[in-house]
Protein chains: 2
Amino acid sequence: MVQKRELIKGNSDSLLLCLLAQQSMYGYQIIKELEKRSQGYFQFKEGTLYPALHRLEKAGLILGKWQMLFNSRPRRYYHLTAKGHAKLSTERAQWQDFINAVNLILQPAEI
Amino acid sequence: MVQKRELIKGNSDSLLLCLLAQQSMYGYQIIKELEKRSQGYFQFKEGTLYPALHRLEKAGLILGKWQMLFNSRPRRYYHLTAKGHAKLSTERAQWQDFINAVNLILQPAEI
DNA sequence: TATTATATATAGGATAACAAAATACTATTT
DNA sequence: AAATAGTATTTTGTTATCCTATATATAATA
């Protein structure tokens, strides 16, 4: 499976919202989960993920809460806000529009 | 569609290669053709397209040739090189891999 | 004459993905 | 006890590229 990093651009926020809509997670867990679910395709770097989480939180789309644990480091669990759910819904639609538009170019009706 | 900009990022080169693989075109024509074929979705700006064409030509993927016309401005027609055809083929494969990976996140098998 | 459409080009700003390193704690191995 | 590996978050600096805006030029139309 050939991987092109450029393709991820502009989609990471949607992927994160989608993942957190299904389940609250903390940063490190998100990295592992994305890799697992995509069968190794997505390998988010810390320098990509954490700034993205902060961006989404600042925009009010997700909310992070510190969770103290006695046998490990504190973790910051993120969950989707109502605003985040609404955003995810529009982003899903935008993603479909985009796919459709690209396919019209890549696979035109008449060749 | 405010988000559209980010989705296009990293994909414009593939779109251009694909378009020029089907037919030689000049810049202005490409803008119009992309808009038409995508039913208005893609509206490339000059500041996006021309630098992209120069980038692709510099990389040896496309080749531009000036065509003089007596009743209009000169046009620079671009066509795909052999290297460009090879590149397009791998980019098509990458695009499919990417779609598959995203769909594994957006529509997981079990929810 | 002014505007619109055609046609190419580039400077400057904004955003985001990445590599890399810093920090810090826990668990396992030697 | 010390070293190593794994877990977990943060930040700095670099790079790529998409956009706005502007500049230039010609032909057709109002």
Participant: Please give, in whole Å, the distance from C:dA11 P to B:Y50 OH?
Facilitator: 16 Å

Participant: Quick one: CG on B:L20 to NE2 on B:H79, what's the gap to the nearest 0.5 Å?
Facilitator: 10.0 Å

Participant: C:dT8 C1' sits how many Å from B:L56 CG, rounded?
Facilitator: 16 Å

Participant: To the nearest Å, how far apart are B:Y28 OH and D:dA25 P?
Facilitator: 19 Å

Participant: Does D:dA8 have its OP1 or OP2 closer than 4.0 Å to a side-chain nitrogen or oxygen of A:Y26?
Facilitator: yes

Participant: Counting the atoms with a prime plus P, OP1 and OP2 as sugar-phosphate, which does B:F44 contact under 4.0 Å by heavy atoms, base, sugar-phosphate, or nothing?
Facilitator: nothing

Participant: Hey, is the side chain of B:R5 pairing donor to acceptor with the base of D:dC19 inside 3.5 Å?
Facilitator: no

Participant: Would one find a side-chain N or O of A:R55 under 4.0 angstrom from OP1 or OP2 of C:dA17?
Facilitator: yes

Participant: Would you indicate what A:G27 reaches in the nucleic acid, counting non-hydrogen atoms under 4.0 angstrom: base, sugar-phosphate, or nothing?
Facilitator: sugar-phosphate

Participant: Can you tell me how the ring of B:F98 sits relative to the ring of A:Y41, calling it parallel under 30°, perpendicular over 60° and tilted otherwise?
Facilitator: tilted

Participant: Please give, in whole Å, the distance from D:dA16 P to A:K9 NZ?
Facilitator: 9 Å

Participant: Parallel, tilted or perpendicular for A:Y77 and A:Y26, by the 30°/60° rule?
Facilitator: perpendicular

Participant: Indicate the atoms forming the closest heavy-atom contact of B:D13 with B:R55, along with that distance.
Facilitator: OD1-NH2, 2.8 Å

Participant: For a quick check of understanding: with a heavy-atom distance under 4.0 Å over all strands, which category does A:T48 fall into, base, sugar-phosphate or nothing?
Facilitator: base

Participant: For B:Q43 and for A:L69, locate the closest nucleotide of DNA chain D by heavy-atom distance; then report the residue assigned to the nucleotide nearer the 5' terminus.
Facilitator: A:L69

Participant: Report the distance from atom CG of A:L88 to atom CG of A:L61, rounding to the nearest 0.5 Å.
Facilitator: 10.0 Å

Participant: Please state whether the rings of A:F44 and A:F42 are parallel, tilted or perpendicular, taking 30° and 60° as the class boundaries.
Facilitator: perpendicular

Participant: Of A:G47 and A:S72, whose closest DNA chain D nucleotide lies nearer the 5' terminus?
Facilitator: A:S72

Participant: What contact category does B:E46 fall into here, base, sugar-phosphate, or nothing, at under 4.0 angstrom with non-hydrogen atoms?
Facilitator: base

Participant: With hydrophobic residues grouped by side-chain heavy-atom distances under 4.5 Å, do B:L63 and B:I30 end up in a single group?
Facilitator: no

Participant: Measure the angle between the two terminal helix axes of the helix from C:dT1-D:dA30 to C:dT30-D:dA1, five base pairs each, and quote it to 10°.
Facilitator: 10°

Participant: Does a side-chain N or O from A:H54 land closer than 4.0 Å to OP1 or OP2 of D:dT9, or not?
Facilitator: no

Participant: What class does the angle between the rings of B:Y50 and B:H54 fall in, given that below 30° is parallel, 30 to 60° is tilted and above 60° is perpendicular?
Facilitator: tilted

Participant: What's the CG-P distance between B:L7 and C:dA16, to the nearest Å?
Facilitator: 12 Å

Participant: Whole Å only: how far is the CG atom of B:L49 from the P atom of C:dT8?
Facilitator: 9 Å

Participant: Mind checking A:R75 for me? I need base, sugar-phosphate or nothing, with any heavy atom below 4.0 Å counting as a touch.
Facilitator: sugar-phosphate

Participant: Please determine if a side-chain N or O atom of A:S12 lies less than 4.0 Å away from the OP1 or OP2 oxygen of C:dA17.
Facilitator: yes

Participant: Tell me: NZ of B:K45 to C1' of D:dT17, nearest whole Å?
Facilitator: 16 Å

Participant: Between atom CZ in B:R73 and atom P in D:dA28, what is the gap in whole Å?
Facilitator: 15 Å

